[in-house]
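Working notes for the structure below.
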Protein chains: 2
Amino acid sequence: MHEIFKSYLTGQIKLTNEQWQLVFRLWKPTVTKRGEVLLQKGKVSHNTYFVVKGCLGIFLSGDDGHEYTRFLVFEGKFGSAFPSFTTRKPSAASILSIEASQILLLNYRDHQYLLDHIPGWERLFRINLEKEYIYSIQRIESLISMDAKRRYEILLEQNPKLIQRLPSKIVAGYLGISQETLSRLKSKK
Amino acid sequence: MHEIFKSYLTGQIKLTNEQWQLVFRLWKPTVTKRGEVLLQKGKVSHNTYFVVKGCLGIFLSGDDGHEYTRFLVFEGKFGSAFPSFTTRKPSAASILSIEASQILLLNYRDHQYLLDHIPGWERLFRINLEKEYIYSIQRIESLISMDAKRRYEILLEQNPKLIQRLPSKIVAGYLGISQETLSRLKSKK
DNA sequence: TAACAACGTTGACAAATGTCACTAAATCAA
DNA sequence: TTGATTTAGTGACATTTGTCAACGTTGTTA
């Protein structure tokens, strides 16, 4: 798994062999089963993740029992219950392994250690943060300015694999609409 | 203005006098009038801002002529048309001075210069980025999982000054609802 | 294989929200 | 001040979306 990890990061950062060994030691490989819970809501998230294979989902469960999809993490991406991991406060969201997955995880202390001790790591992290922030801004834009149909069309255009790959329940939660509405959007057009 | 800027940042970063002088030289003070346009949509945003006094708004204009409020920047906060500023691509949003304001602005090249040459500046920037990202995640949560009434109640609770201070047109755009719906929410409860 | 659970679709209806038109109130400039 | 412009509130109605229930399909597991 570490070699795949390294190949994703090459181009983003240049490290010596010793530094890679340190990075590998802190990012711990794990495999998960489909449906496995990595974080329960209400608990502090102590880990951040990198997905080598498979898919993680970060979910909000509403008071009404509905599940909303806050974020999805596919191969080659970092993901976490970011607000909880960063602030050390209980998480509003839970993390589930949507598919059987191979992931790497890094705990909070080791995360800080890398930021402090690997030159360039803070930049790598910052640039990934910028990308995620931009993505979240675009999501806010679509949520405040478009109706469900346009949001779906745009998702279909920009991220078709997401729709093909995931159960429509999760896609609906991601778009902020009910499963039934999504089903109707699909059949209409 | 620079002294106020410095007082906001003290606690976040420790710099020598020479370093502060450099920072002050690059962050250029400007005053704006109410309604002044700082960035037109479709143009690349070359500046990032710090608001000393007043308020900036980052707006999306929909095809239908509606204006949506992507972000608001009050005293003591950084703000920009982030996706455009970061990627150097044309901005989907425009930036307006909502009130007559005193601001500092930093262009892209100087931004990179500070990241590269002031030790600790990248960390300062990264930590501010984390806060903004968390805020945007919480906004996504409220947009996908709550109806307009609850979003308004929560905004009223967490950010009452925003509602008091700004025209309700802008507040409605921020919540992703029409002005009329906001007006009805206000009167109902 | 059989039984059971999860998922996706559809209809009927209810609730939320948008649109348009109009009026009242506030703001601003001359 | 006056007149003009912007902004806020409200009613009537249309549209979107949610909710609940039913049903068939798929997938899982004993």
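For the numbers below, each heavy atom of this structure counts, side chains included, while hydrogens, waters and symmetry mates do not. Per chain, numbering begins at 1; letters A, B, ... match sequence-line order.
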Check: Does A:Lys41 come within less than 4.0 Å of B:Glu141, counting only side-chain N to carboxylate O?
Finding: no
Next item on the list: Check the distance between D:dG18's C1' and A:Asp147's CG and give it to me in whole angstrom.
Entry: 15 Å
Notebook entry, point to check: How does protein contact run along nucleotides 25-30 of chain C, one letter per nucleotide 5' to 3', with B for base contact, S for sugar-phosphate only, - for none, heavy atoms under 4.0 Å?
Noted result: ---S--
Check: Whole-Å distance between D:dT17 P and A:Met146 CE?
Finding: 13 Å
Notebook entry, point to check: Any link between B:Leu129 and B:Val23 through a network of hydrophobic side chains (Ile, Leu, Val, Met, Phe, Trp, Tyr) touching at under 4.5 Å?
Noted result: yes
Notebook entry, point to check: Counting side-chain heavy atoms from CB outward, which of C:dG8, D:dT10, C:dG18 is closest to B:Ile177?
Noted result: C:dG18
Next item on the list: Using a 4.0 Å heavy-atom cut-off across all strands, classify A:Leu182 as base, sugar-phosphate, or nothing.
Entry: nothing
Next item on the list: Would you check if B:Ile177 and B:Arg151 make a side-chain contact, meaning some heavy-atom pair closer than 4.5 Å?
Entry: yes
Next item on the list: Could you please name the option among C:dT19, D:dG18, C:dT9 that lies closest to any side-chain atom of A:Ser178?
Entry: D:dG18
Checklist line | N or O in side chain of A:His66 less than 4.0 angstrom from D:dG18 OP1/OP2 | finding: no
Check: Choosing from C:dT19, D:dT19, D:dA8, which nucleotide comes nearest the side chain of B:Gln179?
Finding: D:dA8
Next item on the list: Look at the rings of A:Tyr108 and A:His111 and say which category their plane angle falls in: under 30° parallel, 30 to 60° tilted, over 60° perpendicular.
Entry: tilted
Check: Hey, does B:Asp116 have a side-chain heavy atom less than 4.5 Å from the side chain of A:Arg123?
Finding: yes
Checklist line | Within residues 159-174 of chain B: residues closer than 4.0 Å to DNA chain D (heavy atoms) | finding: B:Pro167, B:Ser168, B:Lys169
Next item on the list: Identify which one of B:Trp20, B:Trp27, B:Phe50, B:Phe24 satisfies the ring-ring contact (aromatic ring centres under 6.0 Å, His included) criterion when paired with B:His2.
Entry: B:Phe24
Margin query: What's A:Gly35 touching, base or sugar-phosphate or nothing? Going by heavy atoms closer than 4.0 Å.
Written below: nothing
Next item on the list: Please examine the side chains of B:Thr181 and B:Leu175, heavy atoms only from C-beta on, and report whether any two atoms are closer than 4.5 Å.
Entry: no
Notebook entry, point to check: Does A:Arg126 make a cation-pi contact with B:Phe125 (under 6.0 Å, within 45 degrees of the axis)?
Noted result: no
Next item on the list: In whole angstrom, give the distance that lies between atom CG of B:Leu143 and atom P of D:dT17.
Entry: 14 Å
Notebook entry, point to check: Using a cut-off of less than 4.0 Å, is there contact between a side-chain N or O of B:Thr181 and OP1 or OP2 of C:dT17?
Noted result: no
Note to self: Within the structure provided, determine whether B:Phe74 and B:Leu162 are in side-chain contact (heavy-atom separation under 4.5 Å).
What the structure shows: yes
Check: Rounded to the Å, how far apart are B:Tyr152 OH and C:dA16 P?
Finding: 17 Å
Check: Can the positive tip of B:Arg139 be found less than 6.0 Å from the middle of the six-membered ring of B:Tyr174, inside 45° of the ring normal?
Finding: yes
Checklist line | Atom-to-atom span, CD1 of B:Ile98 to P of D:dT6 - whole angstrom | finding: 17 Å
Note to self: Nearest whole Å is fine: how far is D:dA12 C1' from B:Glu180 CD?
What the structure shows: 13 Å
Check: Once you round it to whole Å, what is the distance between P of D:dT17 and NZ of A:Lys149?
Finding: 10 Å
Check: How sharply is the helix from C:dT1-D:dA30 to C:dA30-D:dT1 bent, taking the axes over five pairs at either end and rounding to 10 degrees?
Finding: 50°
Check: Does a donor on one side chain sit under 3.5 Å from an acceptor on the other, for A:Ser136 and B:Ser136?
Finding: yes
Checklist line | Interatomic distance, B:Ile144 CD1 vs D:dG18 C1' [rounded to whole Å] | finding: 16 Å
Notebook entry, point to check: Do the side chain of A:Arg184 and the base of C:dG8 come within less than 3.5 angstrom through a donor-acceptor pair of N or O atoms?
Noted result: no
Item checked: Residue-phosphate contact under 4.0 Å: A:Ser187 side-chain N/O, C:dT10 OP1/OP2 -> yes
Margin query: Hydrophobic clustering (ILVMFWY, side-chain heavy atoms < 4.5 Å, transitive) - are B:Ile118 and A:Leu115 grouped together?
Written below: yes
